[in-house]
*Asks:* 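Please see the structure below; I have some questions.
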2 protein chains.
Amino acid sequence: MSEENARRRVTVHDVARAAGVSLATVDRVLNGRPGVRAATAEKVDEAIARLGFSRDLNASLMARARDLRVSFFIPDSSNEFMDRLAEAVGARAAQASADRIHILTHRVRALDAGDLARALNGLAAQSCDCAVIVPSEEPEIIAAVDAATRRGIVVMTLVSDLPGSGRRHFIGIDNAAAGRTAASLLGRFLPQGGKVAVIAGSLHLRDHIERFEGFSGIAGGEFPLLCLVGPLEGHDEAEATESVVSALLARHPDLAGIYNLGAGNAGLVAALEKSGRARQVRVIAHELTAPTRAGLNSGAIDVVLDQNPDGEIREAIAAARTLALATARPVVTDPIEIGIFLRDNLR
Amino acid sequence: MSEENARRRVTVHDVARAAGVSLATVDRVLNGRPGVRAATAEKVDEAIARLGFSRDLNASLMARARDLRVSFFIPDSSNEFMDRLAEAVGARAAQASADRIHILTHRVRALDAGDLARALNGLAAQSCDCAVIVPSEEPEIIAAVDAATRRGIVVMTLVSDLPGSGRRHFIGIDNAAAGRTAASLLGRFLPQGGKVAVIAGSLHLRDHIERFEGFSGIAGGEFPLLCLVGPLEGHDEAEATESVVSALLARHPDLAGIYNLGAGNAGLVAALEKSGRARQVRVIAHELTAPTRAGLNSGAIDVVLDQNPDGEIREAIAAARTLALATARPVVTDPIEIGIFLRDNLR
DNA sequence: TAGGTCATGAGGCACGTACCTCATTTTTGG
DNA sequence: CCAAAAATGAGGTACGTGCCTCATGACCTA
C-alpha cells in the first residue's frame, strides 16, 4: 500500500563497475569529452541503459563551476501579453537562481525576424546553455535556430511553435482548441443564433490562423444558427482594432457576438462603449491584461481565454533543466491549459 | 538590459565568518540542535538575515542520509476525483524521487475522521517530514494536526482547508469563486431566465457550502431572471444523485439549468438521459472524471469546473520541499486555477 | 578551588558529479 | 617492430551542507 524499499541511488560508480571501465571514462562519455573509442562508449551507454542510470541534476549543477544559463528572448513592447511573459520570467528568476539556474531576459524587436535571428546567431555556447524564443515563422529564424542547435545550444519555442526547425521543445497552448472553445461558448451564449464577428491580429500569424480555423470549424458545424462575419484584421493594435470594430458595429446593428483572437483589446472595448452596445454584444477575447480585465469588470467582455504565462515560464525552465543536462532524454512537460476567465473567477 | 554580475552564492561559511562563530555553531542553529546560547543563536540569526543567506536545498538534501519524506493521505474510493488525486501523486513520485523527495501515498477511509486522525497520530517525525491531508472539519482531525505539528511534522491541507489548525499551508481552489463562475455561466447560457437547480453532496462540507454561497450570490444578484431550486443533496454518490435529479426533472418540466457542485455525476447524466431532456437543460458539474467527460462528449453536460489535481500535487510537493527544509520562510505557491472545460478544450 | 556541565571550535567524512593532472596501457601507422 | 598517438585508469579537489567526534575553554556549584 505504501512503503517501497528505498533502494540506493544508481551512480556513476555503478555505471563504471557495470561497464568494466573507470570513472574517468564514464565521465568522458557522459559529458561528451573526446578520447573514447566508439566501442567503449557503447559499453558505457549499454550499462547506463541497463542500470537505468540517470545523472543527478542537482549534484551535477553543484559540481559545475557555472550555473545553468537560460536565455529568454521576448518580443519588446508589442503588446501587454509579452510584457506579462517578461514579468513572469523575472518573477521566476530568483527561485531558479536558488536551484542554480541563471535566467537572462532579452527583449528583441517585435515582428522583426532579423533582430531575433541576429540575437540567436550572437549566442555562444560558452555563455548560454538554452535559448527560449517566441518565433514567427520565417526562414531566417529557422536557420538561426538550426545554427544555434549545431553550436550545442538547446532551443525551445514559446507561445508560437516553429516546426521544421531544430527546436527541441515547444511550450504553449493548443490554439485550435482555443478557437473551438470560443465558438462553443458563443454558441451557447446565443441560443437564438445571430451574427458573430471574428477579428484577428493578422492572418499571417500561425497562432491566429489556428484559432480561426478552430473557431469556424465549430461555429459552422455545431451552431448553424451563428452567422460568421469576417475574419477582419485589427493588427494586434488598439487603434486599428477600434476602427475595425466601430465600423463593424455600425454596419451590423444586429451583431450578436465578437471573438477577438488577437490583441488590441483596449480598442475593442472602446469601440463597444462608444457605440453604447457594450453588454448587449457577447464578447470573447484573448489574454488577461489590463484592458481585458477592465472589460470583464465592466461587462463589455464576457470571457477571456488566457494562456497562463506564469505556467509557461515555469514549464520552460523545468524543460530547460531537463534538456540541457539530460540530453536526448524525452522531455515531459505539463501541458499548458487554456485558462477561461469570467469576471467571477478573475485572479 | 540583461546581464547581472553573477555574485557568489552566500554559504554557511560566510554566515559563520559574519557572525564571528564557527561552522559548527551555525550548523547547530540552522538545524535546531541543542547546545547554543540564546545570545549566540541571535548573532547567527542576525548574520543570516544581514547576508540574506538561504540554505541550498539541493546540497542540503544531498548531504542528508535520507531523502525528504512526504506522506499523502488521500480518501479511499469515495469518488473518482480522489482517485485522480492519488494517480497524480503516483505520477509525480518518480520525478520527485530524482530530486530526493520520497513520496508515500496512504489511502484513508473517506468520511471517517477517526481513520485520518489515527493515521496522523501514528506518524513519527523520524519517518515523515511532511504530511498532506484532505481533511473534513472535525475537532478530532484538528487535534491530530496540531499534535503532528508539535512533533515536528509539517502538515499541509489539500482541496479542503482546515483553518484554526496548525496546518502550515493550504493548496486548493477558491470554491466561492467556482460557485460564482458557475452562476455567471448559467446566467449567460439562459438569457431568458428560468429555473435552475443546485445539487450539493452534503451541506456539511466546507467546499460545498462555499460553492453554493458563491453561486447563489451571483445568481440572485446579477441574474434576477434565474429562479433557484434547492439546494438538494445528492450525497456525492451516483445512485442518490440520480434519484434526486430524476425527481427534480419530473417535478419541474420547465427546468432550464442544473449546477451539481458535488460528485455523483454518473447519476446526474443517467437521470438526464432517461428523462430524454439531456441537451435541453444547461448543466454545469465539477471535476473532470470519466462520467463528466462522457457527459461533455454526449452534450449532457455543458461545462465542467475542475481543480486540476496534477497542479495541486505539483504545488504540494514544491511547498513541502520549501517548508520542510526552510522552516519559517513564507511559502509562495502558484495559485491553483479553476479549470473550465467544455467539450472543445478537453485535455 | 575542584569537579562538573555547558558552549564552542576544529576538523573530517559523506553525498554525486565535474573537471583536472598524471601515469599507464592499447592501438595505430610507417 | 618501434615510436608516436590515442585511449584509459587512478586519484585528487571542488561544490554546499549534514552530521559526527574530539578537544578546549567558560561558567557554575558545592
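What's counted below: heavy atoms across the whole structure, side chains too, no hydrogens, waters or symmetry copies. Lettering follows sequence order; numbering is per chain, from 1.
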*Asks:* Quick one: on DNA chain C, does V36(B) or M62(B) contact a more 5' nucleotide (nearest heavy atom)?
*Replies:* V36(B)
*Asks:* Hey, is R8(A) close enough to D14(A) for a salt bridge, meaning N to O under 4.0 Å?
*Replies:* yes
*Asks:* Whole angstrom is fine here: how far is it from CG in L23(B) over to P in dC13(C)?
*Replies:* 16 Å
*Asks:* For R84(A), is there an ion pair with D310(A) - N to carboxylate O distance below 4.0 angstrom?
*Replies:* no
*Asks:* What is the distance from CG of L61(A) to C1' of dG16(C), rounded to the nearest Å?
*Replies:* 12 Å
*Asks:* Rounded to the nearest 0.5 Å, what's the gap from CD1 on I141(A) to CZ on R167(A)? Could you check?
*Replies:* 14.5 Å
*Asks:* Closest approach of E312(B) and L158(B), non-hydrogen atoms and distance?
*Replies:* CB-CD1, 4.0 Å
*Asks:* Could you tell me the boundaries of the chain A footprint on DNA chain D, defined by atoms under 4.0 Å from its heavy atoms?
*Replies:* dA7(D) to dG16(D)
*Asks:* Taking OP1 and OP2 of dG16(C), is either one under 4.0 Å from a side-chain nitrogen or oxygen of T11(A)?
*Replies:* no
*Asks:* Between R151(B) and D146(B) (salt bridge meaning N to carboxylate O under 4.0 Å), is one present in this structure?
*Replies:* no
*Asks:* Could you run through nucleotides 19-27 of chain C and give me one letter per nucleotide, 5' to 3': B if any protein heavy atom sits under 4.0 Å from the base, S if only the sugar-phosphate is that close, - if neither?
*Replies:* B-------S
*Asks:* Going by an N to O cut-off under 4.0 Å, is there a salt bridge joining R107(B) and D115(B)?
*Replies:* no
*Asks:* I'd like to know if the side chain of R55(B) pairs up with that of N31(B) as donor and acceptor (distance under 3.5 Å, no hydrogens or angles considered).
*Replies:* yes
*Asks:* Pick the nucleotide of DNA chain C nearest each of D56(A) and G35(B); which residue has the one closer to the 5' end?
*Replies:* G35(B)
*Asks:* Can D129(B) and R64(B) be counted as an ion pair, charged N to O under 4.0 angstrom?
*Replies:* yes
*Asks:* In whole Å, what is the span from the CG atom of L68(A) to the P atom of dA18(C)?
*Replies:* 12 Å
